[in-house]
Number of protein chains: 2
Amino acid sequence: MIKVPRSLPDVPVPEGDTQHRILDAAHRVFMRSGTAGARMQEIAREAGVNPALLHYYFRSKARLSEAVFLRAAGQLFPAILAILNSDQSVSAKVEQVVEKELSKLSETPYLPAYILSELAHDPNRMRQLLTVVTGQHPSKAGQRLLSGLDSQLKAEARAGRLRPIAAEQFIVNLLSLCIFPFAARPMLTALFGLNDDRFSAFIAERRRSLPSFFLRALQP
Amino acid sequence: MIKVPRSLPDVPVPEGDTQHRILDAAHRVFMRSGTAGARMQEIAREAGVNPALLHYYFRSKARLSEAVFLRAAGQLFPAILAILNSDQSVSAKVEQVVEKELSKLSETPYLPAYILSELAHDPNRMRQLLTVVTGQHPSKAGQRLLSGLDSQLKAEARAGRLRPIAAEQFIVNLLSLCIFPFAARPMLTALFGLNDDRFSAFIAERRRSLPSFFLRALQP
DNA sequence: GTCTATACGGCGATAGAC
DNA sequence: GTCTATCGCCGTATAGAC
């Protein structure tokens with residue numbers, strides 16, 4: 001068997017150090033196969049790196065998958081929470097969350113299914129998620145994160161501008177409408193017979209219609 | 001090592017033949033671990049059955065997991081589609097879907113995460129889902145399944161009783177609001193600090209509020 | 001830091017007695 | 001139909017040269 005050098009001379013090594021390339025490759029592989037279904041060797045191949053290096057930089061598959069999960073969660077949750085806890089109007093928040101969430105998820109469509117699947121199968125992920133969202137203290141994260149929005153919704157209800165609704169229900173309704181179509185993308189494409197282009201059009205339509213749909217539901 | 005009989009004499013063997021007990025145990029194990037994460041031995045232990053019997057009744061892990069998936073999908077989708085394609089009013093359909101979906105998912109809370117995870121990780125699942133929903137012919141399933149609802153929504157819009165909305169968007173919005181909270185249950189319990197009781201209360205509140213929330217969003 | 005070679009265990013699957 | 005025993009592979013992880 002003739003050995004062929006892994007990196008051909010005319011193909012320059014991709015930028016970024018080895019550790020970073022491993023992490024990016026792991027991100028893609030864990031994303032499409034899940035942690036249990038992913039293979040370290042597949043990650044190494046996708047990164048263009050010797051399999052032993054995965055253990056050199058990350059001691060084990062568990063640690064590598066944890067690093068991937070933390071990074072993925074970190075780029076999804078804080079941005080949304082920042083919008084919801086800002087001092088803008090409710091309608092502005094809704095529009096921004098829809099816009100931000102749908103554009104973000106259009107870039108990484110399998111992120112929701114991955115995160116939900118991880119949280120469902122591995123109990124450790126819940127704690128890891130909290131460290132991302134709250135920055136270390138896992139106690140009473142919920143109340144703190146929602147207090148701003150909750151008082152705002154109460155004030156709007158008293159003023160007669162909005163129907164009364166708990167902050168938890170508000171957020172879950174909004175995130176459901178934004179995230180579920182991506183988490184359920186394989187189901188929707190199967191049932192509705194969508195290809196990639198038509199799915200994109202489907203999402204574009206939601207970007208237009210969701211804010212008014214949601215805000216109308218809240219009107220008194 | 002002293003051997004202990006697997007079934008103690010005072011504990012009667014659970015009803016149902018062996019094959020059925022394996023399928024039920026497999027359902028629970030695949031549900032909480034996913035197909036890739038589940039272990040045949042764990043299923044055998046949970047079923048109280050010798051591990052070799054799993055291969056006697058179902059030739060392989062793949063076939064067993066397929067049987068579980070088909071049964072799970074079969075008890076979730078047809079009922080909803082029947083409601084949406086009936087000849088009732090739109091508001092009646094919405095109320096029934098919310099009621100049926102939320103009560104069903106309260107019994108088997110991890111069903112959504114399981115089905116979405118399976119569809120995301122295994123391409124075969126999409127075809128298997130279609131055989132459940134359409135009963136064999138995987139072509140043009142979407143159009144047929146939605147045609148009744150679509151014309152109804154168009155008629156309501158022409159009559160000025162409803163805002164115009166595509167049937168796909170209608171269904172996705174409705175299912176999002178019903179299913180997502182269960183698919184994202186670990187995330188919500190972590191972020192909001194919910195225990196099982198408070199999650200049940202959270203769902204009960206949605207059962208009351210979702211139909212009017214959804215129908216208000218559709219009003220002209 | 002990167003490579004080759006290999007140890008080690010776990011898991012799916014089968015053979016064959018009963 | 002059910003059991004025990006075991007095979008063979010695959011995947012993680014490590015040892016050790018370079």
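Fair warning: this is a prediction, and the values are worked out from it, not measured in the lab. Side-chain atoms are counted along with the backbone in the values below, which use heavy atoms only and exclude waters and symmetry mates. In what follows, chains are A, B, ... by sequence order, proteins preceding strands, each numbered from 1.
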Sequence-aligned protein contact record of nucleotides 13-18 of chain C, with B where the base is within under 4.0 Å of a protein heavy atom and S where only the sugar-phosphate is: BB----
CZ-CZ distance between A:Phe199 and A:Arg185, expressed to the nearest 0.5 angstrom: 4.5 Å
Separation between CG of B:Asp122 and OG1 of B:Thr35, rounded to the nearest 0.5 Å: 7.5 Å
With sequence neighbours excluded, residues passing side-chain hydrogen bond (donor to acceptor under 3.5 Å, both in side chains) with B:Glu101: none
Touch class at under 4.0 angstrom, heavy-atom based, for B:Ala38 against every strand present: sugar-phosphate
Touch class at under 4.0 angstrom, heavy-atom based, for A:Tyr57 against every strand present: sugar-phosphate
Those residues that, when tested against B:Glu46, pass salt bridge (Lys or Arg N to Asp or Glu O under 4.0 Å) (two or more places apart): B:Arg28, B:Arg32
Partner residues of A:Arg207 under the salt bridge (Lys or Arg N to Asp or Glu O under 4.0 Å) criterion, sequence neighbours left out: A:Glu99
Gap between atoms [atom1] and [atom2], on [X] and [N] respectively (whole Å):
X	N	atom1	atom2	value
B:Leu53	D:dT4	CG	C1'	12 Å
A:Asn50	C:dT2	CG	C1'	7 Å
A:Leu54	D:dT12	CG	P	9 Å

Stepwise side-chain hydrogen bond (donor to acceptor under 3.5 Å, both in side chains) test for A:Gln128 and A:Glu118: CA-CA 11 Å; A:Gln128 294 165 9; A:Glu118 289 299 302; over 6 Å; no
For B:Phe170 against B:Leu84, the heavy-atom pair lying closest together: CE2-CD2, 4.4 Å
side-chain N/O B:Thr18 vs D:dG1 OP1/OP2, d < 4.0 Å: no
Under-4.0 Å side-chain N/O to phosphate OP1/OP2 contact, B:Arg39 with C:dG10: no
Within the sub-3.5 Å range, which N or O atoms of nucleotides 6-8 of chain D have a protein N or O partner, and how far apart are they?
none

Contact list for residues 61-83 of chain B, test salt bridge (Lys or Arg N to Asp or Glu O under 4.0 Å), sequence neighbours left out: B:Asp24-B:Arg71
